[in-house]
Structure formats: C-alpha cells, structure tokens
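Each remark here refers to the structure printed beneath this line.
Just the heavy atoms: all of them, side chains too, but no hydrogens, waters or symmetry mates, feed the values below. We name chains A, B, ... by the order of the sequence lines, and we start the count at 1 in each one. Remember, predicted model here, so these are calculated numbers, not experimental data.
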Amino acid sequence: MDEEYVEAVLRLVEQVPPGRATTYGAIGDLVGSGPRLVGRVMSQFGDAVCWWRVVRADGSTPDFLAERAGARWQAEGTPVRARPGRSCAVDLVRCLHVPQVTD
DNA sequence: TACTTGACATTTT
DNA sequence: AAAAATGCCAAGT
C-alpha cells in the first residue's frame with residue numbers, strides 16, 4: 001500500500017472545514033487517481049478522519065453511514081437536502097469544498 | 001494467474 | 001428519470 005497516497009488523501013479530508021464537504025471524485029482527481037482508490041482508503045483509514053465530510057458525487061454517503069453521516073451533518077451544520085424515499089445528502093452546491101494541493 | 005468485489009464516476013440505453 | 005454499461009485501481013478469493 002502506498003502510505004504516501006493514503007496520507008495525501010487523509011490530509012485533504014482533514015483540510016475540509018466543518019459545515020462543508022468534498023467528493024471522492026475531487027480528492028481522486030487531486031491526488032491523481034481514480035475515485036475508487038479514495039473509497040478504498042476511506043474504508044481502511046476513514047475512521048481516522050472526518051469521513052462524513054467526504055461524500056459521493058451526488059452528495060450522499062453509502063447507506064451504511066447514511067444515519068451517522070446525517071447526524072454529523074446536522075451537528076456540524078452542514079446543509080443537507082432531504083432525498084424523498086432515501087437518505088439525506090449534503091447540498092454540494094452550497095457546501096462543496098475542494099482542498100488545496102499546496103504540498 | 002483469473003475472477004470478483006469495493007465508502008465511485010461518467011456515459012449511453 | 002432510472003437502469004445498465006464502461007472505466008478505473010487495488011485487494012481478496
């Protein structure tokens with residue numbers, strides 16, 4: 001495993017301020033790898049960072065974390081838009097935040 | 001070594 | 001609008 005890559009991802013996630021969120025695709029693009037890699041890293045080290053600030057391209061999280069993520073968003077004041085019949089998703093139009101690659 | 005799976009995204013049916 | 005197909009990279013079986 002490339003620890004450098006992992007650290008880079010975790011760093012970007014840590015750079016996301018409360019009340020905001022970023023997407024796997026954005027991080028993947030910033031680190032120069034596909035979004036799946038970011039997801040994989042999160043599955044292993046996600047608990048080490050604010051994973052709820054990392055959402056899918058549609059602004060939502062996997063169903064596993066939908067509840068917990070929703071609670072976090074509400075606690076942090078992240079703008080979430082209710083999805084009819086589904087879990088809530090953060091309003092990326094409002095809170096999408098792309099961390100800097102200033103390494 | 002080959003196939004399947006995964007905290008994803010984008011394009012075409 | 002919703003579902004399927006394709007691309008992507010790495011790990012597990």
Side-chain angles (χ1 to χ4, degrees):
Chain A
M1 73 155 78
D2 301 292
E3 284 190 41
E4 289 186 63
Y5 171 76
V6 176
E7 281 193 57
V9 175
L10 298 182
R11 215 169 304 175
L12 294 179
V13 177
E14 287 182 21
Q15 284 169 31
V16 179
R20 303 257 180 163
T22 189
T23 71
Y24 295 94
I27 297 178
D29 184 54
L30 287 176
V31 300
S33 293
R36 302 200 71 124
L37 281 308
V38 182
R40 218 183 62 73
V41 172
M42 293 300 283
S43 67
Q44 292 176 52
F45 305 90
D47 52 320
V49 294
C50 302
W51 51 265
W52 56 87
R53 289 179 196 159
V54 185
V55 299
R56 283 183 11 189
D58 64 320
S60 61
T61 63
D63 297 351
F64 320 91
L65 315 166
E67 300 301 311
R68 300 200 296 193
R72 296 294 188 181
W73 297 335
Q74 201 173 167
E76 297 289 315
T78 309
V80 295
R81 59 178 184 185
R83 273 295 183 212
R86 289 199 248 323
S87 311
C88 301
V90 307
D91 193 343
L92 292 177
V93 180
R94 278 192 193 151
C95 67
L96 176 59
H97 171 88
V98 180
Q100 296 179 6
V101 263
T102 57
D103 204 44

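- For A/Asp47 and B/dA7, the CG to P distance is 14 Å, given to the nearest whole Å.
- Using a 4.5 Å heavy-atom threshold, the side chains of A/Val41 and A/Tyr5 count as touching.
- Looking at residues two or more places apart in sequence or on another chain, you find no side chain to side chain donor-acceptor pair (under 3.5 Å) involving A/Asp29.
- Base-pairing analysis of DNA chain C finds the following stems of at least three consecutive Watson-Crick or G-U pairs, with both pairing distances under 3.5 Å: B:2-6 with C:9-13, B:8-13 with C:2-7.
- Using a 4.5 Å cut-off on side-chain heavy atoms (C-beta onward), A/Trp73 and A/Val55 make contact.
- Straight-line distance between the P atoms of C/dA5 and B/dT4: roughly 15 Å, to the nearest whole Å.
- Applying the salt bridge (charged side-chain N to carboxylate O under 4.0 Å, His left out) test to every pair with at least one member in residues 69-83 of chain A, sequence neighbours left out, gives these pairs: A/Arg53-A/Glu76.
- One hydrophobic cluster holds both A/Tyr24 and A/Phe64 under the rule that ILVMFWY side chains link at heavy-atom gaps under 4.5 Å.
- When hydrophobic clusters are built by joining Ile, Leu, Val, Met, Phe, Trp and Tyr residues whose side-chain heavy atoms come closer than 4.5 Å, directly or via intermediates, A/Leu65 is grouped together with A/Val38.
- Going from atom CD of A/Gln44 over to atom P of C/dA11 covers 8 Å, rounded to whole Å.
- When side chains are defined from C-beta on, A/Leu12 counts as touching A/Gln15, because their heavy atoms get closer than 4.5 Å.
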Grab the N/O contacts between the protein and nucleotides 9-13 of chain B below 3.5 Å, and write none if there aren't any.
{"unit_1": "B/dA9", "atom_1": "OP1", "unit_2": "A/Ala57", "atom_2": "N", "d": "2.5"}
{"unit_1": "B/dA9", "atom_1": "OP2", "unit_2": "A/Ala57", "atom_2": "N", "d": "3.1"}

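- Both A/Val49 and A/Val6 are part of a single hydrophobic cluster, where members link through side-chain heavy atoms under 4.5 Å apart.
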For this session: Start with the C-alpha distance between A/Trp51 and A/Arg68, add both sets of side-chain angles, then the distance that settles side chain to side chain contact (heavy atoms under 4.5 Å, CB included), and finish with yes or no.
Result: CA-CA 10 Å; A/Trp51 51 265; A/Arg68 300 200 296 193; 3.7 Å; yes
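- Non-hydrogen atoms lying under 4.0 Å from DNA chain B are contributed by A/Pro62, A/Phe64, A/Leu65, all within residues 60-87 of chain A.
- Considering only residues two or more places apart in sequence or on other chains, A/Glu67 meets the salt bridge (Lys or Arg N to Asp or Glu O under 4.0 Å) condition with none of them.
- Atom pair A/Leu37:CG and C/dA11:P shows a separation of 9 Å (rounding to whole Å applied).
- In this structure, the OH atom of A/Tyr5 is 11 Å from the C1' atom of C/dC8, given to the nearest Å.
- At whole-Å resolution of the value, CD in A/Glu4 and P in C/dC9 are 18 Å apart.
- Side-chain atoms of A/Thr22 come within 3.5 Å of backbone N or O of A/His97 as a donor-acceptor pair.
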